[in-house]
Each structure stands twice: as C-alpha cells, then as structure tokens.
J.: 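I am attaching a structure below and will ask some questions about it afterwards.
By convention in this document, chain letters (A, B, ...) are assigned in the order of the sequence lines, proteins followed by strands, and residues within each chain are numbered from 1. Predicted, not measured: the structure shown is a model, and the values here were computed from it.
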Protein chains: 2
Amino acid sequence: MVSYAELRETGAFAPACSTRVVLDHVMSRWGVLVLCTLSDGTHRWGELRREVEGISEKMLASTLRQLVADGIVHRESLPTVPPHVEYCLTERGRDLMDRMLPLIEWIAVRADDIVGVGSRATPNAR
Amino acid sequence: MVSYAELRETGAFAPACSTRVVLDHVMSRWGVLVLCTLSDGTHRWGELRREVEGISEKMLASTLRQLVADGIVHRESLPTVPPHVEYCLTERGRDLMDRMLPLIEWIAVRADDIVGVGSRATPNAR
DNA sequence: CGGTATCCGCTTCGATACTG
DNA sequence: CAGTATCGAAGCGGATACCG
C-alpha cells in the first residue's frame, strides 16, 4: 500500500521530478478534457476538435503529442487518402482514467455549488 | 449513478461552465500540491510554503484564496501576536481528496516509467 | 508571522495562414 | 483531413518591497 505521505518522504514531489511533469501533462487544462473524451472510446482528430469545445488546433496537437509520448494515448494513422488518424487510450491510459473519472464526475456534479459558495448559491450538496 | 458521457450530454463541460472553473482551480499546477499537503492535516502558512517546494508566496496566496473561496479549504486565523493562521480541508475538501489521492498515488508510482517512455530519461531525482 | 501591492519577463495560448 | 508555422496578446508566475 502506498500513501501520499510515504511518497512525499521519498522525494516523489520534488520541484523538477517526473511526478510533477506527469501531473502537468495529465491535469493540464486541455489534457483532462481530451482524456475524458477519449475515455468514451476511439476518436478522430476532427471529432476531438469538435468535442473538446474551445480548444485550438495548436493546443489539441501539442496536448495529443504529449499524451502519446507519455504512453497514455495511442495514435493510429491509416495510410489512406485523405489521411485518417485515430486516437484512443492505451492500457496505461485506461488505468489512469479509471482513477480520474470518479474525480471528474464528483467535480462536475458539485461544480455549480462550489463556484457559488462565495456568491450565494443553492444550499449545499452533501 | 453518473457517468462522464451523461454529464457531457447535459453541457457540464461547456467552455465557460462551472465544471471547467473548478477543474482549473483544483487541478492547477499548485492547487494539486497544496491540496495533497493539506490532506495530511492542518498546516500553517509557513509550513505550506516549505512543504510545497518551489511555490512562490504570490502563488501560495492566490491558490489558497481560490480554494478557500471554493469551500474546499478552511482558513483559521488565531488572534494572537504574532499572527498564527492555519489551513485545513473542509469536509468537501476531504471528499474531493478521497477521489484525488488514488489518482495522485497512481501517477507518482509510475511517473518515472511514463516520462521515460519516449525519451529514455535521465536517472531519477532522488 | 502572514500576508498584499507592484512591477515585469517569459511562457503559454489563440488566430490565422499554410502544407502533405 | 490532419496537422505545422508564425506571430501577437494575455496572463502566469517570480522578485521585491512593504503593511497589519
């Protein structure tokens, strides 16, 4: 069994360590949204661009490149004309999303209450 | 039961929605690290500054202000001289961290493998 | 001790145009 | 269709100084 406290002892959260690097990739503004979309299954570039509302081509490209390099997302380029490229989670990516989705869903369900706390919202959930 | 797909249908991830706002607060570079530290229990300002290695006073201040406003962190200012201020998770915050810690631990354990996948990394810090 | 205020560099990001 | 290249604007974040 591994706890946060134990990991911290070993320096797993030091300033330039790999944990922080992965955290930055995976918990980034767009990284989270792309990963959530891919947790539904395989998607093409154009689908991702449409489904992750607001993302620019530049950010989609760099986010995907990062996640592919990290072995979290798999890129499959079919040799057709016109090009056809698909993205899906690797097994590691599915493992990751098994842990992330409960968190995302918890946040999504309570988000309205949370941002409303300081501004008079509906009474508290929970 | 709530799934990501269902939430998405309802617009829970639209461009300027509260879900994205909370996501940005909670999954931010420093937000994650501050929350992990507070998951150990109550900490003073100075302790947080030391334990979250690399954070500046400005970022610690703004991160804490954000999390307090979101009702995730509780701030307790003792009326002593010199001042003594403590931060801890609220019940909502503990709920959140119950979901986030498994994710963080998964990442921390595998981080070295992940960043090494594409680049054959330099040996680990620590 | 526990912050806030100000300045400012430097990365990040988005928009647009272009390419295989 | 699936990207890359370039550029300008925005804001993140650090350093410093100062206040309650």
Side-chain angles (χ1 to χ4, degrees), chain A residues 13-17 20-35 37-38 41-70 73-88 118, chain B residues 13-17 20-35 37-38 41-70 73-88 118:
Chain A
F13 294 89
C17 66
R20 288 207 188 174
V21 171
V22 175
L23 238 30
D24 281 351
H25 295 175
V26 150
M27 322 264 289
S28 70
R29 176 178 194 65
W30 299 117
V32 173
L33 297 175
V34 167
L35 287 171
T37 303
L38 288 178
T42 299
H43 288 261
R44 298 181 59 176
W45 165 276
E47 292 172 347
L48 288 171
R49 195 188 189 322
R50 262 176 288 113
E51 294 211 29
V52 181
E53 296 174 63
I55 196 170
S56 67
E57 293 191 348
K58 178 180 177 176
M59 290 320 317
L60 179 56
S62 76
T63 300
L64 283 171
R65 241 182 289 122
Q66 201 78 77
L67 294 173
V68 169
D70 289 346
V73 167
H74 175 72
R75 178 181 188 276
E76 181 112 34
S77 173
L78 311 193
T80 58
V81 178
H84 182 108
V85 182
E86 295 186 333
Y87 293 90
C88 61
Chain B
F13 294 89
C17 65
R20 287 206 188 175
V21 171
V22 175
L23 239 30
D24 281 352
H25 295 174
V26 151
M27 322 263 288
S28 70
R29 176 178 193 66
W30 299 117
V32 174
L33 298 175
V34 167
L35 287 171
T37 303
L38 288 178
T42 298
H43 288 260
R44 298 181 59 175
W45 165 276
E47 290 173 347
L48 288 171
R49 195 188 188 328
R50 261 177 288 115
E51 293 211 27
V52 182
E53 296 173 64
I55 196 170
S56 68
E57 293 191 350
K58 177 181 178 175
M59 283 298 106
L60 179 55
S62 76
T63 300
L64 283 171
R65 241 183 289 123
Q66 201 78 79
L67 294 173
V68 168
D70 289 346
V73 168
H74 175 70
R75 177 182 189 274
E76 181 114 33
S77 173
L78 311 192
T80 58
V81 177
H84 181 108
V85 181
E86 295 187 334
Y87 294 90
C88 62

J.: Look at all strands and tell whether Met59(B) reaches a base, only sugar-phosphate, or nothing, counting heavy atoms closer than 4.0 Å.
T.: base
J.: State which of dT4(D), dG20(C), dG20(D) makes the closest approach to the side chain of Pro83(B).
T.: dG20(D)
J.: Atom CG of Asp24(A) to atom C1' of dG13(D): distance rounded to whole Å?
T.: 13 Å
J.: Scan Arg29(A) against the nucleic acid and name what it touches under 4.0 Å (heavy atoms): base, sugar-phosphate only, or nothing.
T.: nothing
J.: Identify, between Ser62(B) and Gly54(A), the residue whose nearest nucleotide on DNA chain C lies closer to the 5' end.
T.: Ser62(B)
J.: dT12(C) P sits how many Å from Arg65(A) CZ, rounded?
T.: 13 Å
J.: Can you tell if the side chain of Val34(A) reaches within under 4.5 Å of the side chain of Val73(A), non-hydrogen atoms only?
T.: no
J.: Treating Ser28(A) as the side-chain partner and His25(A) as the backbone partner, does any N or O pair qualify as donor plus acceptor under 3.5 Å?
T.: yes
J.: Just so I know, are the side chains of Glu86(B) and Cys88(B) near enough to count as touching, which here means a heavy-atom distance under 4.5 Å?
T.: no
J.: The side chain of Glu57(B) is closest to which nucleotide in this list: dC13(C), dG3(C), dG13(D)?
T.: dG3(C)
J.: Counting only side-chain N and O atoms of Tyr87(B), is one of them less than 4.0 Å from OP1 or OP2 of dG3(C)?
T.: yes
J.: Considering only side-chain heavy atoms of Lys58(B), which listed nucleotide, dT6(C), dG3(C), dC7(D), is closest?
T.: dT6(C)
J.: Rounded to whole Å, how long is the line connecting atom CG of Leu78(B) with atom P of dG2(C)?
T.: 10 Å
J.: Any residue in residues 41-53 of chain B with a heavy atom nearer than 4.0 angstrom to DNA chain C? Just list them by number, or reply none.
T.: Arg44(B), Trp45(B), Gly46(B)
J.: Return the CH2 to CZ distance between Trp45(B) and Arg75(B), rounded to the nearest 0.5 Å.
T.: 9.5 Å
J.: Would you indicate whether the side-chain heavy atoms of Leu33(B) and Arg20(A) approach each other to under 4.5 Å?
T.: yes
J.: Specify the separation, in whole Å, of atom CZ of Arg75(B) and atom C1' of dG2(C).
T.: 8 Å
J.: Side chains of Thr63(B) and Val52(B): closer than 4.5 Å at any heavy-atom pair?
T.: no
J.: State, to 0.1 Å, how close His43(B) and Gly41(B) come at their nearest heavy-atom pair, and which atoms those are.
T.: CD2-O, 2.8 Å
J.: Which whole-number value in Å describes the distance from Leu60(B) CG to dA15(D) C1'?
T.: 16 Å
J.: For Ile55(A) and dG3(D), give me the distance from atom CD1 to atom C1', rounded to whole Å.
T.: 13 Å
